[in-house]
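No hydrogens, no waters, no symmetry mates; every other heavy atom, side chains included, goes into these values.
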Amino acid sequence: MSTLKFETLLPGGKTLSLYQGDITDERVDAIVNAANEGLSHGGGVAGAIVRKGGIEIQDESDRLGKVKTGQAVVTGAGKLPCKWVIHAVGPVWPGNRTPEQSDALLFSAATQALERAHERNCESIAFPAISSGIFGFPKDRCARILTEALLLRADTTPTDLRFTIIDDITVEVFLRELLARFPPSSKERKCALPNQ
């Protein structure tokens, strides 16, 4: 069961929230997978998605083939409680790119995931901290870029935008980013701070 850590109301009736929990349990229209270019779902979030959702997710991914960094594609969700899995390929840090190029690719992966969700009329979507695990993308930088991507697309569906992250350290980094953008004095914001 995910725990709500932060929620704010955005213009147009959208919500932006942060949950701590297992993204594979989220009852949303789509979850985002932090994928690699080969769509080989062996470890991290990707491995958890296939273990819980079933091998059909990997089989469908294999049929799609390779996906460039910064792009996103969609498969069914197998046995997961969501309808779709959107496989967003974020960059390896630092890789053979400048930090700014990596930033742009992470931003692109997130906006592409939102576009795929919009094309399928999804009302709700859950994101992990793309690239911040084994790909080594700095967590604070990841939080800033993903938040910017979600806020930029605030004029279209999905209307329920959430981050669902399992580990304490990354949750705290994302919470700091969200609180900096939406201070506690904001009347439209609800926030579940630690130890409350």
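Rounded to the nearest 0.5 angstrom, Asn36 CG and Lys66 NZ are separated by 8.0 Å. For the atom pair SG (Cys142) and CZ (Phe135), the distance works out to 12.0 Å, reported to the nearest 0.5 Å. Taken to the nearest 0.5 Å, the CD1 atom of Ile49 stands 7.5 Å off from the OG1 atom of Thr24. Interatomic distance, CZ of Phe127 versus CG of Leu18, reported as 13.5 Å (0.5 Å rounding). The structure places OG of Ser2 at 11.0 Å from CZ of Arg27, a figure rounded to the nearest 0.5 Å.
Using a 4.0 Å cut-off between a side-chain N of Lys or Arg and a carboxylate O of Asp or Glu, Glu56 and Lys79 qualify as a salt bridge. For the pair Asp29 and Arg120, the salt-bridge criterion is not met [side-chain N within less than 4.0 Å of a carboxylate O]. The existence of a salt bridge linking Asp140 and Arg176 is excluded, since no basic side-chain nitrogen approaches an acidic carboxylate oxygen closer than 4.0 Å. With respect to Arg181 and Glu148, a salt bridge is recorded, a charged nitrogen being found less than 4.0 Å from a carboxylate O.
Through side-chain heavy atoms spaced under 4.5 Å, either directly or across other Ile, Leu, Val, Met, Phe, Trp or Tyr residues, Leu64 is tied to Leu39, Val67, Val73, Val89.
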### Residues Val28, Ile125; criterion side chain to side chain contact (heavy atoms under 4.5 Å, CB included); working and verdict
CA-CA 6 Å; Val28 290; Ile125 188 169; 5.9 Å; no
### Task
Could you check Lys5 against Phe174 for side chain to side chain contact (heavy atoms under 4.5 Å, CB included), going step by step and ending with a plain yes or no?
CA-CA 10 Å; Lys5 295 289 185 176; Phe174 272 71; over 6 Å; no
### Message
Apply side chain to side chain contact (heavy atoms under 4.5 Å, CB included) to residues Leu80 and Ile57 and explain how you reach the verdict.
### Response
CA-CA 10 Å; Leu80 297 174; Ile57 298 172; 4.1 Å; yes
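Pro94 is linked by a side-chain contact (heavy atoms from CB on, under 4.5 Å) to nothing, counting only residues two or more places apart in sequence or in another chain. Residues satisfying the side-chain hydrogen bond (donor to acceptor under 3.5 Å, both in side chains) criterion with Glu123, sequence neighbours excluded, are Thr159.
A donor-acceptor pair shorter than 3.5 Å cannot be found between the side chains of Thr147 and Glu177.
Residues Cys122 and Thr157 form no side-chain contact, since every pair of their non-hydrogen atoms from C-beta on lies 4.5 Å or further apart.
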